[in-house]
Amino acid sequence: MTDIPYKIYLEESEMPESWYNVRADMKNKPAPLLNPATGKPMTAEELGAVFCDELVAQELDDTTAFIAIPEDIRKFYRMYRPSPLVRAYCLEEKLQTPAKIYYKFEGNNTSGSHKLNSAIAQAYYAKHQGLKGVTTETGAGQWGTALSMACAYLGLDCRVYMVKVSYEQKPFRREVMRTYGASVTPSPSMNTEVGRKILAEHPGTTGSLGCAISEAVEDAVTHEGYRYVLGSVLNQVLLHQSVIGLETKAAMDKYGIKPDIIIGCAGGGSNLGGLISPFMGEKLRGEADYRFIAVEPASCPSFTRGVFAYDFCDTGKICPLAKMYTIGSGYIPAPNHAGGLRFHGMSPVLSQLYHDGLMEAVSVKQTDVFEAAEYFARCEGILPAPESSHAIRAAIDEALKCKETGEEKTILFGLTGTGYFDMYAYEKFHDGQMTNYIPTDEELQAAVSTLPKVGE
Ligand SMILES: *Cc1c(COP(=O)(O)O)cnc(C)c1O
């Protein structure tokens with residue numbers, strides 16, 4: 001092939017005009033969300049009490065392959081997209097591997113991650129419906145930041161419930177959100193009934209994601225003109241994130257590059273689902289073959305050690321049940337787990353694809369992840385988010401295998417964001433104070449034994 005640029009940026013005219021819905025090409029569709037009270041599939045009407053109407057339609061649409069991206073969202077995308085597809089020459093050289101390594105970098109916006117791709121879409125549909133605002137929870141803070149940016153752009157009110165321990169440990173994240181006009185409340189709070197109840201039962205608790213979700217949902221359903229939005233796991237989020245994969249595929253096709261292995265970190269599955277969607281579509285239609293690898297932390301191993309079953313999405317058990325790979329909604333990752341990706345379950349779309357043998361998964365230890373993060377920072381210049389560094393770890397491992405076998409494979413991975421707000425975790429790693437927690441079989445069995453008995 002002729003000269004391939006070091007960094008491939010698409011022209012504006014080459015950017016995707018539609019999102020791609022991989023469910024349309026799946027023979028086995030992801031299982032429907034169930035109403036926890038009735039055990040029956042959630043209807044559009046039931047979902048509409050919590051989520052925006054257009055997003056409910058996208059959530060339930062298993063058949064439309066391409067969904068047009070509204071012009072206002074494309075306008076916003078143009079401010080920070082296309083994101084670059086970068087050839088990791090320096091990393092290859094340092095590893096002395098014959099593999100060619102590419103990464104799609106999603107950290108080039110103020111929120112520092114891919115989450116803005118879905119935040120702007122969800123805020124747009126809320127605005128379009130004439131709503132006043134949206135509520136959400138945030139753990140590490142990337143989702144809350146992305147949503148506050150999107151809401152500021154559209155003039156929507158944004159209420160973020162931030163897990164109290166993050167609120168206190170990541171004051172700068174909180175201030176970025178406030179800069180964009182969001183109200184940020186440490187959770188559990190006195191704002192909601194569920195928050196007051198938890199505080200009464202557990203005074204001094206530092207909160208959890210599950211509790212913050214319950215508060216955000218309650219806030220939305222008890223206030224006229226508000227809906228709840230979520231930054232991962234849901235089908236609609238994977239749909240919006242397909243912009244990552246569509247841009248990547250267009251850039252690779254333009255220069256005749258075909259990846260052999262596609263790797264992404266997996267928390268709730270949105271970046272990985274978005275990156276692989278168009279490639280998975282080709283595989284599902286029998287047009288091409290790829291290896292897909294999900295990378296998860298050994299301390300929160302939904303794919304590699306979980307079960308495929310209906311489970312709650314939140315610890316408060318108020319959200320719909322989803323059929324997914326899960327280690328149980330009652331499972332709480334060890335407090336010394338710093339590397340993100342703490343969600344107990346996994347996107348129902350990716351869960352089905354994994355169950356059908358179309359995708360692989362590996363788990364990696366926390367210290368190995370930070371070792372890869374530091375190695376990458378020193379040769380490629382970008383300080384990666386701990387979450388993203390799971391994918392870096394697996395990409396390096398695959399490149400080292402190529403070194404042994406002499407195979408010139410092309411490896412593509414998703415670099416989801418930057419890690420400037422995670423320096424406390426980096427500090428622990430540098431000081432040799434980072435430990436690896438791997439749950440025992442007994443612990444996982446105990447968490448899984450509390451799964452709801454439905455849909456069996
Ligand atoms: C949220 C986040 C992830 C994990 O979420 P997914 O939905 O699995 O993509 C990964 N990387 C970064 C930088 C994030 O902010």
Side-chain angles (χ1 to χ4, degrees), residues 83 103-119 121-122 136-149 162-163 166 170 173 176-177 209 229-245 262-277 292-297 300-303 313 322 324-326 333 337-351 353-354 359 361 363-364 369 372-373 376 382-394 413-422 425:
S83 70
Y103 60 89
K104 178 75 166 165
F105 181 47
E106 291 291 318
N108 266 337
N109 67 77
T110 293
S111 77
S113 83
H114 66 286
K115 293 207 171 65
L116 195 54
N117 301 329
S118 184
Q122 296 193 45
T136 200
E137 77 294 331
T138 199
Q142 290 97 322
W143 169 246
T145 309
L147 189 67
S148 63
M149 289 173 70
M162 187 170 190
V163 178
S166 306
K170 296 189 173 189
R173 251 305 163 210
V176 178
M177 286 185 254
L209 209 51
V229 293
L230 181 65
S232 185
V233 185
L234 297 174
N235 299 340
Q236 56 184 279
V237 184
L238 260 73
L239 175 73
H240 307 146
Q241 295 297 354
S242 71
V243 69
I244 304 173
I262 306 177
I263 298 169
C265 62
S270 75
N271 87 84
L272 176 64
L275 175 66
I276 69 174
S277 274
F292 301 104
I293 307 175
V295 193
E296 58 186 16
C300 195
S302 326
F303 270 140
C313 289
M324 57 189 173
Y325 275 86
T326 177
H337 171 60
L341 311 177
R342 289 161 172 270
F343 189 61
H344 63 276
M346 190 53 70
S347 137
V349 171
L350 291 188
S351 293
L353 292 167
Y354 179 67
M359 217 175 87
S363 73
V364 290
V369 166
F376 184 84
I382 294 170
L383 191 132
E387 293 90 342
S388 324
S389 306
H390 290 69
I392 298 175
R393 175 76 262 167
F413 73 91
L415 187 66
T416 50
T418 47
Y420 304 118
F421 292 102
D422 300 288

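In each ligand, atom 1 is the first atom listed, and ligand 1 is the first ligand listed.
Only the backbone of Ala266 comes within contact range of ligand 1, with a heavy atom under 4.0 Å; no side-chain atom does. Only the side chain of His114 comes within contact range of ligand 1, with a heavy atom under 4.0 Å; no backbone atom does.
Of the polar atoms of Gly268, at least one N or O is found under 3.5 Å from an N or O of ligand 1, judged by distance alone. Checked by distance only, ligand 1 and Val233 stay at 3.5 Å or farther apart across all their nitrogen or oxygen atoms.
Here the side chains of Met346 and Tyr354 are not in contact, with every heavy-atom distance at 4.5 Å or above. Residues Thr416 and Pro384 fail the side-chain proximity criterion, which asks for heavy atoms closer than 4.5 Å. In this structure the side chain of Ile263 reaches within 4.5 angstrom of the side chain of Val295, judged on heavy atoms.
Put simply, the residue from Ser347, Pro348, Ser118 that forms a side-chain contact (heavy atoms from CB on, under 4.5 Å) with Leu238 is Ser347.
Near Ser113, with a cut-off below 4.0 Å to any heavy atom, the atoms of ligand 1 are 13 (C), 15 (O). Less than 4.0 angstrom separates some heavy atom of Gly267 from each of these atoms of ligand 1: 8 (O). Every atom of ligand 1 with a heavy atom of Gln142 under 4.0 Å away is listed here by number and element: 15 (O). Under a 4.0 Å criterion applied to the non-hydrogen atoms of Leu341, ligand 1 contributes the atoms 4 (C). Residue Ser232 has at least one heavy-atom neighbour below 4.0 Å for each of these atoms of ligand 1: 6 (P), 7 (O). With ligand atoms numbered from 1 in the order given, ligand 1 contributes 10 (C), 11 (N), 12 (C) to contacts under 4.0 Å with heavy atoms of Glu387. Atoms of ligand 1 lying under 4.0 Å from at least one heavy atom of Cys265, given by number and element, are 10 (C).
Counted by atom type alone, Asn117 and Glu106 present one or more donor-acceptor pairs between their side chains at under 3.5 Å.
In this structure, Glu387 contributes its side chain and Cys265 its backbone to no donor-acceptor pair below 3.5 Å. No donor-acceptor distance shorter than 3.5 angstrom exists from the side chain of Asn271 to the backbone of Gln241, with no hydrogens or angles considered. Between the side chain of Glu296 and the main chain of Phe303, a donor-acceptor pair closer than 3.5 Å is present.
Ranking protein heavy atoms by distance to atom 14 (C) of ligand 1, first place goes to Lys115 NZ, 2.8 Å. The closest protein non-hydrogen atom to atom 12 (C) of ligand 1 is Thr416 OG1, 3.4 Å.
Note: Ser388 OG to Tyr103 OH = 11.5 Å, rounded to the nearest 0.5 Å.
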